[in-house]
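To keep things clear, I will list the structure first and then write my remarks on it.
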Amino acid sequence: MNPAKTMESSDHSQHAPRRDSAKYDPIRIEQAAQRHWDTSGTFRAREAKDRPKYYCLSMFPYPSGKLHMGHVRNYTIGDVLARHYRMKGHDVLQPMGWDAFGLPAENAAMANGVPPARWTYDNIAYMRKQLKALGFAIDWERELATCEPTYYKWNQWLFLRMLERGLAYKKSGTVNWDPVDQTVLANEQVIEGRGWRTGAPVEKRDIPMYYLAITRYAEELLADLDKLPGWPERVKTMQANWIGKSFGVRFAFPYELDGQSDRLWVFTTRADTIMGVTFCALAAEHPLAERAARDNPSLSAFIEECKHGSVMEADLATMEKKGMPTGFSVRHPLTGETIPVWVANYVLMSYGDGAVMAVPAHDERDFHFARSHQLPIKPVIAIDGVPFSDQVWQDEYADKLHGRCVNSGKYDGLAFAEAVDAVAKDLEALGLGEKRVQWRLRDWGISRQRYWGCPIPIIHCPKCGDVPVPEKDLPVVLPEDCVPDGSGNPLAKRADFVHCACPKCGQAARRETDTMDTFVDSSWYYARYACPDLAAAMVDWRAQHWLPVDQYIGGIEHAILHLLYSRFWTKVMRDLGLVTCSEPFTRLLTQGMVLNHIFSRRNARGGNEYFSPDEVDLTHDAHGKITGAVARSDGRPVLYEGVGTMSKSKRNGVDPQALIDRYGADTARFFMIFASHPEQTLEWSDSGVDGAHRFLKRLWAYGLRHVELATLAVAPETSADRSARRELHKLLKQANYDFERVQFNTVAAACMKMLNLLEEHPHTLETRPFTDEALSILLRLLSPICPHVCHELWRLAGFGEDIVDAPWPLHDDSALLADEIELVLQINGKLRGSLRVSANADRASIEACALASDPAQRHLAGRAPKKVIVVPGRLVNVVA
RNA sequence: GCCCGGGUGGUGAAAUUGGUAAACACAGCGGACUUAAAAUCCGCCGGCGCAAGCCUUGCCGGUUCGAGUCCGGUCCUGGGCACCA
């Protein structure tokens with residue numbers, strides 16, 4: 001894999017240097033420790049009765065080919081927690097598996113002609129080897145891959161249960177369509193409105209799809225966020241905003257068309273502004289818009305135009321706001337006024353009723369739309385001190401807290417809540433509307449027009465319609481020898497897959513060829529780890545034992561979708577009696593992304609081609625900022641896109657293998673942990689690895705010196721030992737505090753400080769009571785981060801058999817006691833010196849001591865201080 | 001555009017509740033050891049200033065005896081926006 005490494009090792013074998021046993025040899029140490037764990041089955045999790053369980057789960061990887069630094073970071077963090085809790089006496093389960101279905105396998109197939117199944121299983125084999133070399137405390141007997149029929153059978157089974165309960169249903173959905181490749185594109189495959197391979201402008205297309213009714217659980221998904229104190233606030237906020245509960249009024253504008261009376265329904269959170277409505281806007285897909293286009297060619301063309309471009313919300317939100325009148329109008333439900341109806345590209349068919357009332361005076365988007373189309377602007381809310389101008393938008397116009405209704409007839413003078421109530425009551429009396437809760441959350445569309453995924457277990461019969469595959473026929477197995485070519489789903493071309501008999505009537509029928517969103521696979525894998533061998537059911541009693549996951553660790557990029565879908569799926573499983581918990585993850589650690597530079601170039605067809613950072617040469621400006629780059633392969637410029645998360649598709653991942661080969665797993669793990677707080681983003685750079693390696697070399701050397709000292713002779717403790725011991729326990733106390741708040745980088749720093757402390761202390765028989773204690777604390781504190789070297793030194797030093805089962809070190813309060821403490825002395829808030837006082841000095845004597853000090857005397861110059869602030873144990877501030 | 005984060009020396013970072021800004025490292029510089037290099041060890045290392053001292057946590061303003069930390073505004077940057085996973 002790595003040429004430098006191959007040369008190095010062949011060099012070694014030729015010269016066969018004498019092994020210096022005193023030298024830190026990570027490869028030997030790590031292989032020995034891993035062999036030991038392997039043969040003793042150390043990390044096999046049994047359902048223990050005598051210890052509290054701790055289910056520690058890291059998000060499983062997509063088998064993209066090689067591990068990247070994000071994986072190393074994720075799994076090291078998880079492993080640190082798993083090993084820490086084991087030492088604290090828990091029965092730990094830490095499993096590993098593969099999120100094995102997905103798009104990259106199909107892209108690889110297109111590029112290399114290898115079937116996605118082969119590619120995926122090869123990747124898994126290589127990445128498993130890499131993970132094992134990192135020495136994670138994983139129970140490998142529970143390994144699973146979502147592309148195995150024994151796993152995805154239960155996706156299908158649960159889907160059918162949901163279908164029975166109406167939780168799964170079929171309706172039309174909008175997708176990105178590449179007209180050249182005749183295929184559906186993922187959002188990722190749409191670059192600036194064009195297909196990534198063909199460069200053709202993407203169209204929207206409506207196709208039938210299966211949906212899961214996650215909105216039925218919206219209320220519970222929102223409310224239960226309050227029952228997750230172990231989740232980061234920011235993730236809960238993001239989920240709450242995503243679910244988006246809003247209170248408002250759904251009401252109708254009546255109209256007559258084609259000799260019939262009808263109603264145009266809208267939803268608004270600002271019913272208090274209803275008297276300011278000057279037009280209505282429809283989504284392009286709205287039936288009324290389509291009716292209007294029937295005899296209006298220019299409107300029809302506009303609607304057609306709206307159907308081009310991507311379906312992504314970010315694109316919709318940033319595109320130019322365009323609209324066109326339908327020529328139709330409706331009646332204001334309260335005033336009977338005639339209201340013109342427009343079609344606007346910013347109205348979403350998928351939210352609410354696909355139509356909105358427009359109040360330009362109090363909604364920014366409506367305001368700009370009205371101005372560019374010369375539509376009237378009618379202010380109906382007045383805020384003290386904010387004069388209204390229809391020339392320039394001001395954010396205050398949309399403020400609902402401080403305004404009162406004006407120009408609104410009987411509603412004049414009412415504040416927001418009263419006005420909404422009054423308007424809703426009047427609309428209700430007319431039978432034209434009511435108060436209503438609206439959710440931003442939409443049902444989960446799971447159909448994918450792709451090959452490498454879990455088949456949706458449906459058979460389409462010309463007579464019986466859509467028929468679920470009977471349970472006895474599950475799983476519907478995906479043929480593994482297909483090679484996608486980019487033009488549609490290869491499953492549809494497989495006669496042996498498609499043709500089948502209808503389970504109901506036995507006549508010839510066609511199998512559904514859409515597969516499931518891969519988020520389905522990852523929505524319940526944590527439950528299957530409890531019983532991966534189970535053939536008779538989805539889960540059994542072992543899932544009750546292990547669930548919920550005590551600690552889940554994964555990238556912040558999953559803060560919404562994956563975590564929300566998993567929460568939903570757990571609630572469905574609970575309602576089906578499969579599990580008893582309502583939430584799958586008790587504590588959540590959202591690891592920051594590992595970022596790297598991204599370089600790309602437009603290819604001949606208009607698509608995007610990415611370059612790995614080690615394939616380009618950089619140009620910098622005077623400040624060292626990257627200004628450009630050229631590809632080393634052809635010397636031509638490439639575009640620098642800035643930094644972004646490491647991903648296969650952007651080719652900016654860094655393979656940790658070279659690091660592991662050169663320094664060993666412990667160094668890689670230590671460095672990853674030391675680099676930054678687990679939750680913070682980390683811009684990749686390998687400078688600093690040397691420091692981590694040096695530390696382990698020094699630790700090894702110290703450990704060996706310690707082993708060589710004769711066995712313990714009891715000696716009296718000196719005052720130097722006492723103060724070193726105070727320092728040691730101070731460091732340990734802080735490290736344990738940092739462990740609790742998962743700030744592992746400072747735990748690693750504490751380990752370095754402990755070694756510095758030991759190296760500065762005499763290392764003799766006499767000091768051995770202290771150095772023994774200190775080394776045993778240091779090894780245990782460090783062992784979750786660098787398990788191999790600590791395992792070996794622990795054994796050599798004779799501290800015990802197996803450090804993985806040694807008790808977690810706790811600080812000794814009595815060691816922390818000191819006679820004197822140092823206080824910071826401030827004058828007017830500025831640092832002016834320090835004071836040594838007795839540890840039990842009272843406020844008055846500290847104050848006296850501060851006032852007597854040189855700096856205080858100088859600044860006070862005989863005057864009395866205005867104020868003296870004493871912060872116990874920290875500082876004194878004299879305000880002159 | 002909307003939602004959620006982040007911004008501290010040349011670099012990665014630390015500073016628990018508002019209380020010594022820069023712990024611990026990396027890089028750099030100087031030295032010891034060495035024929036030499038590597039490795040190892042020792043010292044220096046935010047800026048200005050001869051010094052006393054002054055300045056410094058993206059930027060502007062506020063609260064406070066005291067602000068990296070709290071409040072308002074602003075700029076830059078990362079993540080998500082429902083088909084990347």
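Remember, predicted model here, so these are calculated numbers, not experimental data. Because only heavy atoms are used, hydrogens play no part in the values below, and waters and symmetry mates are left out as well, while side chains stay in.
- Using atom C1' as the reference point in both G49(B) and A15(B), the two lie 28 Å apart (nearest Å).
- Each of A85(B), A82(B), U40(B) was ranked by its minimum atom distance to the side chain of P104(A); first place goes to A85(B).
- Checking A13(B), C81(B), C4(B) against the side-chain heavy atoms of A314(A) singles out C81(B) as nearest.
- Comparing G78(B) with C45(B), their P atoms are spaced 35 Å from each other, to the whole Å.
- Residue-to-nucleotide contacts include no donor-acceptor pair under 3.5 Å from the side chain of E683(A) to the base of G12(B).
- Neither side chain, W700(A) nor D25(A), offers a donor N or O lying under 3.5 Å from an acceptor on the other.
- Atom name P, nucleotides G7(B) and U57(B): the rounded distance is 14 Å, in whole Å.
- Distance, N241(A) CG to G1(B) P: 18 Å, rounded to whole Å.
- One interatomic measurement links the two molecules: CH2 of W684(A) to P of U11(B), which rounds to 18 Å at whole-angstrom precision.
- Ring to ring, F369(A) and Y346(A) are close: their centroids are under 6.0 angstrom apart.
- Taking a cutoff of 4.0 Å between a charged side-chain nitrogen and a carboxylate oxygen, E364(A) and K321(A) do not qualify as a salt bridge.
- Environment of NZ in K733(A): sparse, with no more than 12 heavy atoms of neighbouring residues, nucleotides or ligands closer than 6.0 Å.
- Using a 4.0 Å heavy-atom distance criterion, V184(A) is classed as a base contact.
- Partner R741(A) forms a side-chain contact (heavy atoms from CB on, under 4.5 Å) with one of F739(A), F744(A), Y737(A) and no other, that one being Y737(A).
- A salt bridge links D181(A) with R197(A): at least one charged nitrogen is closer than 4.0 Å to a carboxylate oxygen.
- Annotation: cation-pi pair K171(A)/Y211(A) present, NZ/CZ under 6.0 Å from the ring centroid and within 45° of its normal.
- Nucleotides U40(B) and A14(B), compared at atom C1', are 28 Å apart to the nearest Å.
- K697(A) comes within contact range of the sugar-phosphate backbone alone, with a heavy-atom separation under 4.0 Å but no base atom that close.
- With both ends at atom P, the span from G58(B) to C76(B) equals 16 Å, rounded to whole Å.
- Remark: C1' of A39(B) and CG of D25(A) are 16 Å apart, rounded to the nearest angstrom.
- Using a 4.0 Å heavy-atom cutoff across all strands shown, R440(A) reaches at least one base atom of the nucleic acid.
- Between the CG atom of N187(A) and the P atom of A85(B) there is a distance of 11 Å, rounded to whole Å.
- For the P atom pair drawn from U8(B) and C4(B), the interatomic distance equals 22 Å after rounding to whole Å.
- Here the separation of A51(B) from A37(B), taken at their P atoms, is 35 Å to the nearest Å.
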**Q.** Reading 5' to 3' through nucleotides 16-29 of chain B, protein heavy-atom contacts under 4.0 Å coded B for base, S for sugar-phosphate only, - for none
**A.** B--BB--BBSSS--
Q | Dot-bracket encoding of pairs in RNA chain B, which uses [ ] for pseudoknotted crossings and | for another strand, Watson-Crick or G-U under 3.5 angstrom | A | (((((((..(((......[....))).(((((.......))))).(((....)))..(((((..]....))))))))))))....
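- Within the 4.0 angstrom heavy-atom criterion, base atoms lie near W242(A).
- For I243(A) and C81(B), the CD1 to P distance is 16 Å, given to the nearest whole Å.
- By the 30° and 60° cut-offs, the orientation of the rings of Y640(A) relative to H597(A) is tilted.
- The NZ atom of K204(A) sits 12 Å away from the P atom of A82(B) (whole-angstrom rounding).
- Glycosidic torsion of G28(B) falls outside 90° of 0, placing the base in anti.
- Across all strands, M209(A) comes closer than 4.0 Å to base atoms (heavy-atom distances).
- Here S649(A) lies out of heavy-atom contact (under 4.0 Å) with every strand.
- Residues L563(A) and M59(A) come closest through the heavy atom pair CD2-CE, 4.4 Å.
- Of the candidate nucleotides C84(B), C55(B), C4(B), C84(B) has the atom lying nearest to any side-chain atom of E188(A).
- For the pair L561(A) CG and G80(B) P, the interatomic distance rounds to 10 Å; values are reported in whole Å.
- Across the protein-nucleic acid pair, M516(A) atom CE and A85(B) atom P stand 15 Å apart, rounded to whole Å.
- The aromatic rings of W444(A) and W569(A) stand perpendicular to each other, their planes meeting at an angle above 60°, with 30° marking the opposite boundary.
- For K730(A), the NZ atom sits in a loose shell: 12 or fewer heavy atoms of surrounding residues, nucleotides or ligands are nearer than 6.0 Å.
- Nucleic acid contact for K866(A): none, since no nucleic acid atom lies under 4.0 Å from a heavy atom of the residue.
- Checking the phosphate oxygens (OP1, OP2) of G80(B), no side-chain nitrogen or oxygen of Q239(A) falls inside 4.0 Å.
- A21(B) and C26(B) are spaced 26 Å apart, taking the P atom of each and rounding to whole Å.
- The aromatic rings of Y75(A) and H71(A) sit parallel, their planes meeting at an angle under 30°, below the 60° perpendicular limit.
- Between T518(A) and A85(B) there is a side-chain polar atom (N or O) within less than 4.0 angstrom of OP1 or OP2.
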Q | H693(A) vs F670(A), ring pair (Phe, Tyr, Trp, His ring centres under 6.0 Å): CA-CA, chis, key distance, verdict | A | CA-CA 8 Å; H693(A) 193 61; F670(A) 186 89; over 10 Å; no
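- With RNA chain B read from its 5' end, the first of the two nearest nucleotides for K867(A) and F101(A) is the one closest to K867(A).
- Just one of Y451(A), Y525(A), W452(A) meets the ring pair (Phe, Tyr, Trp, His ring centres under 6.0 Å) condition when paired with F101(A); it is W452(A).
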Q | K697(A) and K23(A): CA distance, side-chain angles, deciding distance, side-chain contact (heavy atoms from CB on, under 4.5 Å) verdict | A | CA-CA 8 Å; K697(A) 281 198 283 194; K23(A) 207 178 143 192; over 6 Å; no
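- Looking at heavy-atom distances under 4.0 Å, L441(A) makes contact with a base.
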Q | Annotated protein contacts, base or backbone, on nucleotides 74-79 of chain B with a non-hydrogen cut-off under 4.0 Å, one of B, S, - each | A | ----SB
